[in-house]
Each structure stands twice: as structure tokens, then as C-alpha cells.
**Student:** 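Handing you a structure now.
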Amino acid sequence: MKLLIVESPAKAKKIQGYLGAGWKVLACLGHVRDLPASKEDVPDKHKGLPWARLGINVEEGYAPLYVTRKGKSKTIQELKAAAKRAEQVFLAADPDREGESIAWHLSVLLGLGKNAQRITYQEITQAALRKAVEQPRPIDFRLVAAQETRRALDRLAGYGVSPLLWASVGGAQSAGRVQSAALMLLAQREQARLAFVPAGYWRVTARVGSQPPFQAVVVAVRDTPLATAASFDAQGQVKAGLNVMQLDAVKAEQLVTYLNRQQASVQQVEVTPVTRKPPAPFTTSTLQQAANARLKLGAAEVTKLAQSLYEGGFLTYIRTDSPALSDEALQLAREAVATRFGRDALPPSPRQYATRNANAQEAHEAIRPAGKFLPPADTGLAGDELALYTLVYERTLASQMRDALGEKTSIVLQAGVVTLAASGTRLLEKGFTALYDDTEKDEEDQVLPTLTVGAAFPLSNAKAEEKRSTPPARHTEGKFVQLMEKAGIGRPSTYGNTLDTLLKRGYIAVRNRQLHVTPLGLLIAGYLLKQVPQLVDVKFTATMEADLDRIAEGALTRTAYLDAVWKEQLAPAIDRAARTPPRVQVPHLPAVFEARAGQVYLNAQGRAAPVPEGLLPEDLTEQAVGEVLAGTWKGPRKGRASGADTRQRAESGKQATGGKRGGEGRTSTRKRASGTQARTTRRKTS
DNA sequence: CAGTGAGCGAGCTTCCGCTTGACTT
């Protein structure tokens, strides 16, 4: 009997089917050993050593202490027993840095020594597997070293900076390479929104009486452009060097009267062809984004549904950073398109997609229908599972369809001293959009008549509308996952966890499907930016990845890298850091948030009051500040169905000043405060 | 005399990444 070990049980089952008798295929369920998480994980032999709880002996070349992971002993026993009976053992963990490490840990635990046979393959087909088992190789210790370096750095940074926060920021619980950089991304956006000063401007439109009529918008008066949202900066001022006309209510009304008496003549008609390519098949992050936007599902829900579809054999592996399809999948997708839309819907040659993400490891292919590409109606699925499968199915097929072709028409009209414009897009060939349309609707877009230059039409129904420039939008969960991927922060298997951690710790909150940063989150981001700037720098991970690649190539050693980053940068920054409670000014208000004694306070008018549960920075107005100080704040304004949809995690509990008792009390109040009502409003009923 | 509560001190929290069930609520 030959033993082959993979990470996932679903994969094991499939491979067992391909290899057949004479083989036993087992799963190790991911990592089997790790650094001790806390004191109780430290084996007796090492108890008492000053570095044992950290799990890294910095002074002895950053030597790691590995222990069997909690809950893994049974799996390991089974693997050991199977290995003993096997004549050969193949280690087939995923073909990336973490997979190589898993293979090495397994070889140690199973006592394989130098006989460890490592195999990798890019797709799970019988041919690929047969080939792989004929070409085993030894474990790549450089790749293992790169993973060990990553692990050590995350432990040193996380267990180094977290205690700094405990000592400095009341209520703060944790910091780390990924969560802190991610928090910073959100905090910067939140700050930009809070500091934003909107500018008012007028939008004036009129109806052009052609056959059929259409709407045109005023773009200039006497050749001076009319101010639009894009004319203003974040302080509400006209951008430097821009010459624009700013109307007031009186002038806008005069313009309306003027227009209603004018004829507009066509000055310019421009028709340009538009080609749109289909989006690539899904990766973890793009699936999150699309399911969040189209199905209104949160990151955790998407993961749960997708995992269940994966286990049911409906989808391929769900944690991937590659949009590539296997040759087999390409053929199946094209056949499915041909069946549904005819051969004409296909481009002559299959489309292959590559990642544009520099940090991608590409150990798996894209998320797509598994097996025979069952049409959604034939799956027997229902509800959200069906909706998610359909989304994946259609996106995969669409990725193999023809481009959408159209033309965009832009018209310029002159009415006396006023210049107007209109635009419209016409779809000529639907292409992939027949199945999967991901375009956002443009309000300005309309169907335009065919016009010739010089033609003139009366204007009517002129309207003036006052508008305000809007601050940069908050991120949704899906958008945030995309941002993390783009910045190279975190991995497909952890995007959801990171979001969850930030929610649990009370650093961020979800309200109306938008991510907000809490007062505590703003304080932490501000503190870290000042005291340990390396940790919140989005480039930190990207640089780390490049260095890990050099370690994997043998061009850099583990200790040299850790000395440079830990000993010379992070550790001194932690030592130097001021252990004083941070303050954050609330823009536009004479108020500051401050963190002390395990609690976040709002400080204004020389008084301080604890920030009430559920208060987010956007809730603060002059009136709200007064209510918070008086202890009468009753939750966010109900104006736009806002407060009820705020979601924070039940267990979140800010670090209480006292031990257990405080923690328990807090948990129960929080359940009452947010748990029940949040769930009922979470999802639309279909 | 028993029960309550204030006050004090000791010990602990924490990272990222790879995988699923087995547990509650």
C-alpha cells in the first residue's frame, strides 16, 4: 500500500478515486504543528524558559519551538498508523510556501527523514497525478525556511506589539502585520471622510426637443466651465488653478429662464466604438466582492456557502488567488456556452487568465463549477447556495464568451451663450453581457437620436438642482477584501478571518453594509502610525514577500532577514514607544477621543464621558457630543434606517479593567444591545 | 455570626495561515 497525504479531505476523496486500489489517500487538514499559542501549550520540558511562551528563541538564531496543534493529535495518530503500514509515503500538500512547510512537519512527525517524497501538481486529473507520483522530489528546505521566517516574524510582531497596546491604549487587545495594516486602510478612509468638507454646486439640465427628445446638461456658460463635484478638493475649495463658474440659487434660476427661451444647435457629434472584455473567473477576493455586491452576502456567509458547495462537489477549491482555468475546465465552459448560446458566442480561441497580483502563490485554479459544469437548474440546490453557484457558473461561462461591442455617442450643443452636453451608449453586440453583466448603471447614459451637426431644436423643461460634493465612499466587506488582496495583505484563506478579528475586537463595525472604524479603531491606528509605523505601512508585507522569495532562492538567510526587520526595526520601536494613552481629534468638532484605563472616552468642553456602545464617529454632531457628555445619547439617528443594521460581534468585549467578572457582564449587555436586532435586518428576504 | 463588598494583587490577553467538523445558542 502506498500512502498519499493532502490537506483537504474533499481532495483526498477525489484523488483516491483516481489512484484506486493499492493507494490510501488521507488528509492532514492543514497545518499539524505550530508555535505554542499560550503558556499551557508549552511542553513540560520547556516550561520556565523565558522565550518558551513566545515560541521563538531570538538569541539562538530565532529557533522555533513547535508543538502539535490543538485538536490535531487524532489526525496525526491516524497518519502515523497509516504511514507505518505503507511501503511509500507521498507528501502532496499544496504547491506553495505553506504547503512545503506542512510537508516538512509531516515528514518529521511521521519519521520519514530523508526518504520523504514530496510531490506537487497544478490540477487534479488522473494524468497529472500519475505523472506527479512518478517524479517525487525531496523537501525544499529553502522554501520551508521562507515559511518559518514568515511565521516567526508574524509571531514576534504580533506578540511584541499587542502588549504595547495593552499598556497604552485602553480597550485595545491586539495588533499584527495583517490586521493592523488592514485597520490602517480603513482608518485612513474614515479620517478622510470625517475631515471632508462638502461643496455645493448646481446642476442645470434641459430637454432637447428632437425626435425623440433627450436630456442635456449645462457644461459651460460663455466658455467658462460650470463647477461640478470634480472641481472641488476635500476642503470644499475649488481646486487650484481651475477656472470654473459657481452658481448661486438666483443665478441658477436665471439660467433656467434663459434656457427655456433658447434653441440649441448641434455643434459636435462624436461616435466612438466601445469594447468590453468579460471579467476573469473568480478568485476568493473577487467572489467575495461580487457576492457582496449582487447577493448582499457578508464575507463570512459567502465563505460558509462556498465551503459547503465545495464539499458537495459543486465548486472547485474556494481559497485561491489564481483566475486560471485548467484545459479541461476551459473545454467544459466553452461547450456549456455553445449549448446555451450557440458556437457564435465563443471567441475563436479559449481565453486564459493570469493573475496581476504580484504576491499570488497560485497553488489552486480559479473558483469554478467542479466536474461536469451542471447548469444551475440541474443541481438540485436552492436558496443562497443556488444563488452563489449560479453566480460562479455564469461568471465562468461569461469569461469564455465574446467581448461586448457598442458605441458611445457624445453630443455638444450650443444655446446662446450656454454650452450643453449629452452622451449615450448603444450596445451593438451583447457578447458576454447576455449572461453576466457587471456594469454599473450610469445615470447620464440615455438613448440618443441620430443627429447631424447644425441641426437646431427648442429647449424646454430646464431644471436647476443643488448638489453637494461627496466624500470618498466607505468600503463594503467585498471591496475591503479586494483592497487587502491588492495591497498584498493577508491570503485568500485569511481575508475573512482578518475582517472578523477587527469586528470582534471592536475596532470596526458594519452599518448598512458599510465598514466603519470605531473610536477605538481610530485611536489604535493613530497610536500605531506614530509609534510603530512599520507595522501599519501597507508596503511592509510587499517588501516582506520579496525578501521571503529571496530566502526561498537561497539569496538571503532567515536570521539575516529577521535581524534586519525585528532586531533593528520593530524591537527598538517597541522599546522606544511612549506608553501614554493616545488622543484623536474629531474633525470639525471641539472634541477628542481618548483611551485610558481600559475605556474609550469622549472629551469635550473640559469634561469626559465614556463613549457609549454602538457610537460611531459619523454619529458625532454638536448635539450628539452634548448627549454623550450628559449620558443621554440614545443611539444613531434613525433617519435612514441606520442604527438597526449595525453589526458588532457578540464576544467583542473591550478589555475590562477587572478580570472575568467584567468580561462576562459586558458580553451579556452586548448581546442585548446588538446581537438580536442585527440578525433580523441582515438579509433581504427573496 | 453570617453575609456583603471594597480593595488589592496576580495572571492573562496577543500573531498569521493551513484545513474541517464538533460543539453550543
Side-chain angles (χ1 to χ4, degrees), chain A residues 5-13 26-41 53-56 69-72 74-75 93-103 105-106 147-167 169 171-182 284 303-304 307-308 310-311 317-321 361 363-364 484 489-498 500-501 504-505 524 535 541 544 548 566 570 574 598 650-651 653-663 667-668 671 675-676 679:
Chain A
I5 304 172
V6 294
E7 295 178 46
S8 149
K11 206 177 192 179
K13 206 172 142 196
L26 294 176
C28 68
L29 308 168
H31 279 296
V32 287
R33 292 202 305 177
D34 192 11
L35 307 173
S38 64
K39 203 174 178 178
E40 59 186 33
D41 287 350
R53 205 162 62 94
L54 187 61
I56 305 278
R69 292 176 62 102
K70 265 207 179 74
K72 276 292 166 67
K74 196 176 153 217
T75 309
D94 295 344
D96 57 16
R97 198 164 61 213
E98 298 294 328
E100 200 70 18
S101 166
I102 290 172
H105 282 293
L106 283 172
Q147 190 277 343
E148 223 167 25
T149 309
R150 197 278 306 157
R151 184 67 190 91
L153 177 64
D154 284 336
R155 169 53 65 90
L156 290 168
Y159 279 31
V161 179
S162 294
L164 176 63
L165 285 189
W166 305 337
V169 187
Q173 294 178 67
S174 63
R177 173 178 60 84
V178 170
Q179 64 169 280
S180 297
T284 304
T303 304
K304 206 174 161 199
Q307 176 72 23
S308 141
Y310 165 64
E311 285 166 21
Y317 193 60
I318 62 161
R319 288 176 274 268
T320 175
D321 50 22
Q361 308 249 329
H364 308 276
M484 280 199 279
I489 305 172
R491 303 277 316 133
S493 63
T494 62
Y495 297 138
N497 293 348
T498 303
D500 223 44
T501 299
K504 259 189 205 158
R505 303 263 184 267
I524 292 171
L535 195 70
T541 290
M544 178 195 80
L548 294 184
W566 174 248
L570 288 172
I574 293 169
E651 323 81 278
K654 294 168 189 145
Q655 185 64 36
T657 42
K660 272 182 184 164
R661 222 183 327 153
T667 307
S668 57
K671 267 179 204 153
T676 48
R679 212 158 303 143

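Reminder, nothing fancy here: chain letters follow the sequence lines and each chain counts from 1. Every heavy atom of this structure was used, including side-chain atoms; hydrogens, water molecules and symmetry mates were not. None of the values given here were measured: they were computed from a predicted structure.
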**Student:** For the CD atom of A/Glu100 and the CG atom of A/Asp94, what is their distance to the nearest 0.5 Å?
**Tutor:** 11.0 Å
**Student:** Which salt bridge (charged side-chain N to carboxylate O under 4.0 Å, His left out) pairs, counting each pair once, include a residue from residues 26-37 of chain A, with sequence neighbours left out?
**Tutor:** A/Asp34-A/Arg69, A/Asp34-A/Arg151
**Student:** Does A/Ser162 have a side-chain nitrogen or oxygen under 4.0 Å from the phosphate oxygens OP1 or OP2 of B/dT13?
**Tutor:** no
**Student:** Rounded to the nearest 0.5 Å, how far apart are CD1 of A/Ile489 and OG of A/Ser180?
**Tutor:** 10.0 Å
**Student:** Output yes if the stacking criterion (under 5.5 Å between centres, under 30° between planes) is met for A/Tyr159 over the base of B/dC15, else no.
**Tutor:** no
**Student:** At what distance, to the nearest 0.5 angstrom, does NZ of A/Lys504 lie from CD of A/Gln179?
**Tutor:** 11.5 Å
**Student:** Taking only side-chain nitrogens and oxygens of A/Lys39, does any of them come within less than 4.0 Å of OP1 or OP2 of B/dG11?
**Tutor:** no
**Student:** Sort out for me which residue in A/Asp154, A/Leu54, A/Ile56 forms a side chain to side chain contact (heavy atoms under 4.5 Å, CB included) with A/Tyr159.
**Tutor:** A/Leu54
**Student:** Without decimals, in angstroms, what is the distance between A/Glu40 CD and B/dC12 P?
**Tutor:** 9 Å
**Student:** Quick check against the 3.5 Å criterion: does A/Lys72 have a side-chain atom that pairs as donor or acceptor with the backbone of A/His31?
**Tutor:** yes
**Student:** Would you say the side-chain atoms of A/Thr284 pair up with the backbone N or O of A/Ile318, donor to acceptor, closer than 3.5 Å?
**Tutor:** yes
**Student:** Find the runs of at least 3 consecutive base pairs, i with j, i+1 with j-1 and so on, that include DNA chain B, using Watson-Crick or G-U wobble geometry with both distances under 3.5 Å.
**Tutor:** none
**Student:** Let me have a per-nucleotide readout for nucleotides 16-21 of chain B, 5' to 3', with B, S or -, counting only protein heavy atoms under 4.0 Å.
**Tutor:** BBBBS-
**Student:** More than 12 non-hydrogen atoms from neighbouring residues, nucleotides or ligands closer than 6.0 Å to NZ on A/Lys304, yes or no?
**Tutor:** no
